[in-house]
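Quantities reported herein were computed from a predicted structural model and do not represent experimental measurements.
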2 protein chains.
Amino acid sequence: MTIPRAAKTLRRTRIQEEKEEQILEAALDVFSASGFRGSTIDQIAEVAGMSKPNLLYYFRTKEAMHRALIDRVLYTWLEPLRAFDAEGNPETEIRSYIRRKLEMARDFPRESRLFANEVLQGAPHIEDELKGPLKELVDEKAEVIRAWAKAGKIVKCDPYHLIFSIWSTTQHYADFDVQVRAVLGQEHSGEGRFEDAARFLEQLFIGGLRPDPLGG
Amino acid sequence: MTIPRAAKTLRRTRIQEEKEEQILEAALDVFSASGFRGSTIDQIAEVAGMSKPNLLYYFRTKEAMHRALIDRVLYTWLEPLRAFDAEGNPETEIRSYIRRKLEMARDFPRESRLFANEVLQGAPHIEDELKGPLKELVDEKAEVIRAWAKAGKIVKCDPYHLIFSIWSTTQHYADFDVQVRAVLGQEHSGEGRFEDAARFLEQLFIGGLRPDPLGG
DNA sequence: TGTAATGTTTACCAATCGGTCAAATTATCC
DNA sequence: GGATAATTTGACCGATTGGTAAACATTACA
């Protein structure tokens with residue numbers, strides 16, 4: 001007889017690990033492309049290359065799949081911000097934060113779109129994460145930035161909106177990729193666009209945050 | 001007998017205008033909140049306060065509704081960029097473009113999310129608009145910016161990525177509103193956040209684009 | 001005021017949705 | 001190799017999906 005699924009997590013089989021991996025990979029594909037409501041279990045099952053009931057053997061509901069996916073991806077997604085170092089030099093810290101975020105937009109666009117879809121549609125499944133861990137992390141880093149400003153290392157500015165602007169400008173290249181490509185045209189839509197973006201954004205932020213020479 | 005719907009558009013009745021208005025208003029609500037695939041005709045019908053078949057009397061399919069909505073909103077949405085004036089002073093032009101875009105994010109968040117949802121999910125319904133009218137408009141304004149840079153009025157930079165960065169930073173406050181609110185916390189989530197954002201973004205862009213005093 | 005055009009509703013359709021079930025199959029371990 | 005646990009499948013469920021047909025109600029206009 002099949003053991004109750006709750007007990008399944010006590011010890012995980014080789015097959016379980018492989019299949020769950022397979023499923024979450026497919027789920028990332030589908031959820032990031034259509035959002036939660038717009039995605040169907042059948043789609044995910046097809047991409048994962050298994051039957052729907054088989055998929056539902058590993059994740060009992062669509063919600064459970066989505067949750068597992070969010071949980072797996074969220075920590076990694078916040079890594080660049082976590083790496084933001086209070087001890088470091090403001091200019092190099094901001095520069096490398098922008099770089100890292102742009103690299104993630106380039107290398108993990110599906111992850112970016114997964115969150116974008118979720119937040120865009122009111123974040124019904126990740127509200128707690130936003131108000132909890134995310135807010136705390138941002139609060140912490142905002143303090144760092146504020147300290148830099150107070151010390152005259154960068155211009156006085158609202159640290160929260162600074163962080164928002166780095167998020168939005170970098171993630172734009174993942175979330176709005178088709179629009180970026182459409183506007184740039186075929187000739188500038190190669191991978192070089194990330195280098196161009198990096199150059200521009202560093203110029204913008206470093207220039208825009210340079211401390212007022214008058215010390216104002 | 002009911003005349004074929006194709007002929008309906010020859011002359012529009014009072015009722016037609018009212019009801020189509022009602023429907024598109026409801027459709028904006030629903031599509032912007034759930035994306036095309038995630039939205040249902042039933043939802044829209046309920047929000048519009050009419051029966052589903054009645055709604056389908058005015059728009060034969062879900063696609064037709066979506067298309068009509070996009071068509072109606074797109075022109076307005078591009079208005080701020082169109083207002084970007086080559087003759088004007090770069091600093092004030094950029095400043096007022098940011099202001100206008102932020103005002104739209106504040107006053108028309110549903111419109112912003114409608115496009116964000118669409119682009120995020122691969123822009124299956126507006127690809128032509130992106131590659132056509134949008135690209136042409138951006139190309140034109142990019143030339144203006146390039147000329148400013150050449151004349152030393154602003155720093156030399158990639159005009160396309162500049163435009164992208166203004167889009168992304170401003171629309172962020174509409175598209176990622178829940179995240180912004182969650183991170184700012186209750187105390188800073190009032191309407192004042194748009195003023196704070198405006199102040200920061202103007203500081204960032206004006207500072208970041210200020211021409212190099214060495215003339216480099 | 002009559003009537004033709006327009007608008008609305010009820011009842012319905014096939015397809016798809018998320019999910020269940022029991023039977024069949026495969027892997028594991030003694 | 002056999003028992004037992006783990007995995008997979010096909011058949012199926014009720015609810016919801018986008019959309020239709022036709023009867024019914026209302027409006028506009030001569």
Side-chain angles (χ1 to χ4, degrees), chain A residues 1-27 29-31 33-69 121 124-125, chain B residues 1-27 29-31 33-69 121 124-125:
Chain A
M1 198 209 292
T2 305
I3 61 165
R5 258 178 284 222
K8 215 187 51 181
T9 48
L10 289 180
R11 214 191 310 168
R12 295 177 68 209
T13 333
R14 195 201 74 230
I15 294 182
Q16 269 172 40
E17 285 189 21
E18 286 174 8
K19 289 298 168 83
E20 286 175 11
E21 171 66 35
Q22 227 179 99
I23 292 169
L24 289 181
E25 168 68 21
D29 248 44
V30 176
F31 282 136
S34 305
F36 182 78
R37 294 212 44 184
S39 302
T40 71
I41 299 182
D42 295 80
Q43 280 175 4
I44 298 170
E46 200 195 322
V47 173
M50 60 181 80
S51 69
K52 182 166 63 170
N54 193 6
L55 188 153
L56 285 164
Y57 172 74
Y58 293 100
F59 296 95
R60 287 143 70 126
T61 65
K62 193 177 153 184
E63 268 87 3
M65 287 185 36
H66 191 254
R67 173 120 298 268
L69 184 58
Q121 305 191 359
H125 306 96
Chain B
M1 198 208 294
T2 306
I3 61 164
R5 258 178 283 223
K8 216 186 50 182
T9 48
L10 289 180
R11 215 192 308 168
R12 297 176 69 213
T13 49
R14 196 203 72 230
I15 294 182
Q16 270 172 40
E17 285 189 22
E18 286 175 6
K19 288 299 168 84
E20 286 175 10
E21 171 67 35
Q22 227 179 96
I23 291 169
L24 290 180
E25 167 69 20
D29 248 45
V30 175
F31 282 135
S34 305
F36 182 79
R37 295 212 43 185
S39 301
T40 72
I41 300 182
D42 296 81
Q43 281 175 4
I44 298 170
E46 200 196 323
V47 173
M50 59 182 80
S51 69
K52 181 166 62 170
N54 194 6
L55 187 153
L56 284 164
Y57 173 74
Y58 293 99
F59 296 95
R60 287 144 72 127
T61 64
K62 192 177 155 184
E63 268 87 3
M65 285 185 37
H66 191 254
R67 171 121 298 269
L69 185 58
Q121 305 190 359
H125 306 96

Worksheet item: Heavy-atom count around A:E46 CD within 6.0 Å, excluding the residue itself: above 12?
Response: no
Worksheet item: Donor-acceptor pair under 3.5 Å: do we get one between B:K52's side chain and the base of D:dG18?
Response: yes
Discussion item. Can you see if the side chain of A:Q16 gets near the phosphate of D:dA6 - specifically, an N or O under 4.0 Å from OP1 or OP2?
Written reply: no
Worksheet, complete the sentence: In short, A:M65 meets A:L24 closest at the heavy-atom pair O-CD2, 3.9 Å
Fill in: A:S51 vs D:dT8: side-chain N/O to OP1/OP2 distance below 4.0 Å
no
Practice prompt. Choose from C:dC21, D:dT17, C:dG18 the nucleotide whose nearest atom is closest to any side-chain atom of A:D42.
Written response: C:dG18
Worksheet item: Between A:M50 (CE) and C:dT26 (P), how many Å, whole number?
Response: 16 Å
Discussion item. Please report the interatomic distance OG1(A:T61) to NE2(A:H66), rounded to the nearest 0.5 Å.
Written reply: 11.5 Å
Discussion item. So if I take every side-chain heavy atom of A:T40 and compare against C:dG7, C:dC17, D:dT7, which nucleotide ends up nearest?
Written reply: C:dC17
Fill in: Rounded distance (Å) that lies between atom P of D:dA21 and atom CZ of B:R60
11 Å
Discussion item. With a 4.0 Å limit, can you tell me whether A:K19 has a side-chain N or O closer than that to the phosphate oxygens OP1/OP2 of D:dT8?
Written reply: yes
Worksheet item: Atom CG of B:L55 to atom P of D:dT17: distance rounded to whole Å?
Response: 14 Å
Discussion item. Rounded to whole Å, how long is the line connecting atom CD1 of A:I23 with atom C1' of D:dT8?
Written reply: 12 Å
Worksheet entry | Spacing of B:E18 atom CD relative to D:dT27 atom P, expressed in whole Å | 11 Å
Discussion item. OP1 or OP2 of D:dA6 versus the side-chain N and O atoms of A:Y58: is any pair under 4.0 Å?
Written reply: no
Worksheet item: So do the side chains of A:K19 and A:Y57 get within less than 4.5 Å of each other, counting heavy atoms only?
Response: no
Worksheet entry | Euclidean distance, atom CD of residue B:E46 to atom P of D:dT16 [Å, nearest integer] | 12 Å
Worksheet item: Is any side-chain nitrogen or oxygen of B:Y57 closer than 4.0 Å to OP1 or OP2 of D:dG19?
Response: no
Item to complete: Measure the shortest side-chain to side-chain distance between A:K62 and A:F31 over non-hydrogen atoms and say whether it is less than 4.5 angstrom.
Response: yes
Worksheet item: CZ of B:R37 versus P of D:dT16: gap in Å, rounded?
Response: 18 Å
Fill in: Listed nucleotide nearest any side-chain atom of B:I41, set D:dT17, D:dG19, C:dG19
D:dG19
Discussion item. Measure CD1/A:I44 against P/C:dT16 and give the value in whole Å, please.
Written reply: 17 Å
Worksheet item: Closer than 4.0 Å, any side-chain N/O of A:N54 to the OP1 or OP2 of D:dT7?
Response: no
